[in-house]
Student: 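Sharing a structure with you now.
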Protein chains: 2
Amino acid sequence: MNADPNSEGGRKIRSVEISLNIIDRLQNEDRLTVGELARTLDHSKSTIHNHLSTLEQRRMIVRDETGYRLSLRLLDMANRVRSQVGNYEVINKEVETLAEETGEIAQFGIEEHGMVSYFEKERGNNSVETASRVGTQQPIYSTSLGKTILAFLPADRVEEIVAEASFEPKTTRTITSSDELYEELERIRDQGYGIDNEENIEGLRCVSAPVTSGDTVLGAISLTGPSSRFTHDKLHDELADAVTRAANVIELNTKFS
Amino acid sequence: MNADPNSEGGRKIRSVEISLNIIDRLQNEDRLTVGELARTLDHSKSTIHNHLSTLEQRRMIVRDETGYRLSLRLLDMANRVRSQVGNYEVINKEVETLAEETGEIAQFGIEEHGMVSYFEKERGNNSVETASRVGTQQPIYSTSLGKTILAFLPADRVEEIVAEASFEPKTTRTITSSDELYEELERIRDQGYGIDNEENIEGLRCVSAPVTSGDTVLGAISLTGPSSRFTHDKLHDELADAVTRAANVIELNTKFS
DNA sequence: GTGATCGTTCCTCTGGGGCGAACATATAAG
DNA sequence: CTTATATGTTCGCCCCAGAGGAACGATCAC
């Protein structure tokens with residue numbers, strides 16, 4: 001066990017952090033100027049200037065008459081990441097058909113940094129609006145995708161993740177202790193799919209099925225909808241079947257590495 | 001004039017460059033290990049280790065049982081960039097309809113770092129295969145998109161770009177001198193659209209129309225196809241009309257900043 | 001067993017890089 | 001016109017960040 005909670009891995013490199021802070025700022029607000037960045041990030045203009053120069057020469061950012069913004073190179077990088085992570089063709093197709101068939105939101109997620117990251121999202125005709133977007137993260141313990149992935153991860157990895165989890169209650173039903181979570185994971189392993197009963201967002205329920213290859217989880221696929229349409233029976237019956245079927249199709253079409 | 005050709009802007013920050021090199025390597029090959037990176041980038045393992053730690057804590061990369069890869073966060077960043085650059089909805093729709101109507105490749109590009117960056121690409125039913133992908137760059141002087149954008153950029157910016165241009169011949173028809181290029185830009189301004197007559201890839205021709213807002217160019221929209229189908233007359237007549245029409249639609253639906 | 005890898009941690013020592021001041025330009029207010 | 005405050009840029013100093021190297025522990029192959 002590690003006594004120091006903040007001793008995560010090696011030393012952090014300050015100048016890299018400055019550049020990453022600049023990138024973070026630019027991803028939220030484009031066309032920022034040297035002065036603005038220097039002020040908000042609390043560094044001298046010369047420092048920011050040097051960082052912007054290096055980032056521009058490496059084509060991460062672009063300058064424009066009104067300021068700096070992130071470069072389109074990120075679109076290429078994103079495409080490469082997509083093809084690295086998994087069989088995008090198959091996953092995309094299955095998420096799409098799932099959304100069409102049910103009319104709800106279908107998503108595919110993987111575990112990253114102890115959270116769920118959304119890899120693909122498709123909205124059906126009747127689907128509700130949610131804030132989740134491809135490439136964003138959600139807690140692993142309050143989402144069906146997260147819990148379902150967690151249920152099939154190796155035990156040591158699960159412990160690591162649980163140890164770092166904050167268990168912030170997102171709704172009144174959010175799991176707030178590791179004991180509860182471990183019970184839930186057991187249940188998911190038994191029934192083969194995971195449920196989110198308004199644990200992440202009030203009024204929304206989800207079902208997820210794991211996508212595995214051999215003994216490793218690649219991710220999970222889910223359906224999300226309002227509690228009014230996602231009744232207990234429907235959730236555990238036809239919707240659970242639908243996500244499980246989709247998960248199986250992805251598994252069959254995925255070459256294991 | 002500056003005597004030193006390498007004195008582009010401020011000082012380059014070494015540690016940022018190391019991290020960017022790591023990212024570059026990871027975007028080409030995923031699941032790289034500390035050792036591999038240390039070897040190929042010629043740094044000590046401890047150095048690489050520290051960089052990887054910082055990048056992981058900032059969620060730029062993820063570690064996996066087999067090594068490191070880029071994080072899905074990049075998908076989110078890419079989405080943000082897309083919405084920052086322009087009215088993605090409209091551009092996407094016009095590029096799509098252009099590809100459908102003609103059956104060829106339709107693309108939208110903007111200028112970045114003195115090159116054309118592809119913002120959107122759509123392939124029609126009869127379209128040829130090309131290597132260009134969204135987020136990648138091509139020379140500005142050998143593509144119709146590039147030349148068309150260049151033709152409507154402010155004079156001083158054009159000079160900057162031309163001064164930095166390498167004029168590498170991609171085919172026998174590539175423009176290889178600034179004088180030729182300036183003539184070509186004049187021609188494009190006269191006729192209102194730009195042509196690529198096998199200047200970038202042997203056997204391929206393109207037509208592009210500029211998308212402007214007030215007196216600034218936002219980018220250009222193009223059609224690409226084989227010279228056999230893209231005859232001289234068709235190119236200057238119906239295809240030029242098609243891209244011009246699409247450009248106008250985008251202009252009308254784009255709020256100027 | 002040995003000899004490779006793998007990743008991690010620590011210490012040392014130097015030059016990289018953050019800071020601040022001075023420098024250009026530019027638009028605005030007086 | 002001057003003064004003022006904004007912008008981005010360049011330069012040099014001085015110190016600590018950060019790259020390197022060695023030693024460590026853990027695996028895996030033989």
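The chains referred to below are lettered A, B, ... by the order of the sequence lines, with proteins before strands, and numbering in each begins at 1.
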Student: For D/dG18, take OP1 and OP2 only and decide whether either is under 4.0 Å from a side-chain N or O of B/His43.
Tutor: no
Student: Does this structure show an ion pair linking B/Glu36 with B/Arg39, if we count only N-O contacts that are shorter than 4.0 Å?
Tutor: no
Student: Do A/Ser222 and A/Ser144 meet the criterion of a side-chain donor-acceptor pair at a distance under 3.5 Å?
Tutor: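 There is no such pair between these side chains.
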Student: Grab the CG-P distance between A/Leu52 and C/dG18 for me, whole Å please.
Tutor: 12 Å
Student: I'd like to know if B/Thr47 reaches the base of D/dG18 with its side chain such that a donor and an acceptor end up less than 3.5 angstrom apart.
Tutor: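 Not at all, since no donor on one side and acceptor on the other fall under 3.5 Å apart.
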Student: Measure from CD1 on A/Ile18 to C1' on D/dC16 and round the result to the nearest Å.
Tutor: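 A/Ile18 atom CD1 is separated from D/dC16 atom C1' by 13 Å.
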Student: State whether the number of non-hydrogen atoms from other residues, nucleotides or ligands found under 6.0 Å of B/Asn28 atom CG is greater than 12.
Tutor: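 More than 12 within 6.0 Å, yes.
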Student: Quick one: stems involving DNA chain D, counted as three or more successive Watson-Crick or G-U pairs, both distances short of 3.5 Å.
Tutor: C:1-5 with D:26-30, C:7-22 with D:9-24, C:24-30 with D:1-7
Student: Quick one: A/Glu56 CD to D/dG8 P, roughly how many Å, whole number?
Tutor: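 Nearest whole value for this atom pair: 13 Å.
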Student: I'd like to know if A/Ser46 reaches the base of C/dG20 with its side chain, counting only an N/O donor and acceptor under 3.5 Å.
Tutor: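 It does, because a donor-acceptor pair links the side chain of A/Ser46 to the base of C/dG20 below 3.5 Å.
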Student: Ignoring hydrogens and angles, state whether a donor on the side chain of B/Glu120 or B/Tyr88 is under 3.5 Å from an acceptor on the partner side chain.
Tutor: yes
Student: If I take atom NZ in residue A/Lys12 and atom P in nucleotide D/dA17, what distance separates them, rounded to the nearest angstrom?
Tutor: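 Rounded to whole Å, this separation is 14 Å.
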Student: Salt-bridged, A/Asp64 to A/Arg31, with N to O below 4.0 Å?
Tutor: yes
Student: Whole Å only: how far is the CG atom of A/Leu41 from the P atom of C/dG18?
Tutor: 12 Å
Student: OP1 or OP2 of D/dG20 sitting under 4.0 Å from any side-chain N/O of B/Arg14?
Tutor: no
Student: Using a cut-off of strictly less than 4.0 Å, decide whether B/Arg39 has a side-chain nitrogen or oxygen near OP1 or OP2 of C/dC6.
Tutor: yes
Student: Starting at CE of B/Met60, measure out to CZ of B/Arg73 and round the result to the nearest 0.5 Å.
Tutor: 6.0 Å
Student: Starting from the 5' end of DNA chain D, give me the residue, A/Glu36 or B/His51, whose nearest nucleotide shows up first.
Tutor: A/Glu36
Student: Measure the distance from NE2 on A/His49 to P on C/dG17 and round it to the nearest whole Å.
Tutor: 15 Å
Student: Quick check on DNA chain D: between B/Asp42 and A/Asn50, whose nearest nucleotide comes earlier from the 5' end?
Tutor: A/Asn50
Student: Could you tell me whether the phosphate oxygens of C/dG7, OP1 or OP2, come under 4.0 Å of any side-chain nitrogen or oxygen in B/Thr33?
Tutor: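 Yes, B/Thr33 has a side-chain N/O under 4.0 Å of OP1/OP2 on C/dG7.
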Student: Can you tell me the distance, in whole Å, between the CD atom of A/Glu17 and the P atom of C/dG18?
Tutor: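 From A/Glu17 CD to C/dG18 P: 12 Å.
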Student: DNA chain C: A/Lys45 or A/Val16, which has the more 5' nearest nucleotide?
Tutor: A/Val16
Student: Any luck finding a side-chain donor-acceptor pair between B/Ser132 and B/Gln138 under 3.5 Å?
Tutor: no
Student: Under 4.0 Å from OP1 or OP2 of C/dG17: is there any side-chain N or O of B/Ser15 that close?
Tutor: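 True: B/Ser15 side-chain N/O within range (under 4.0 Å) of C/dG17 OP1/OP2.
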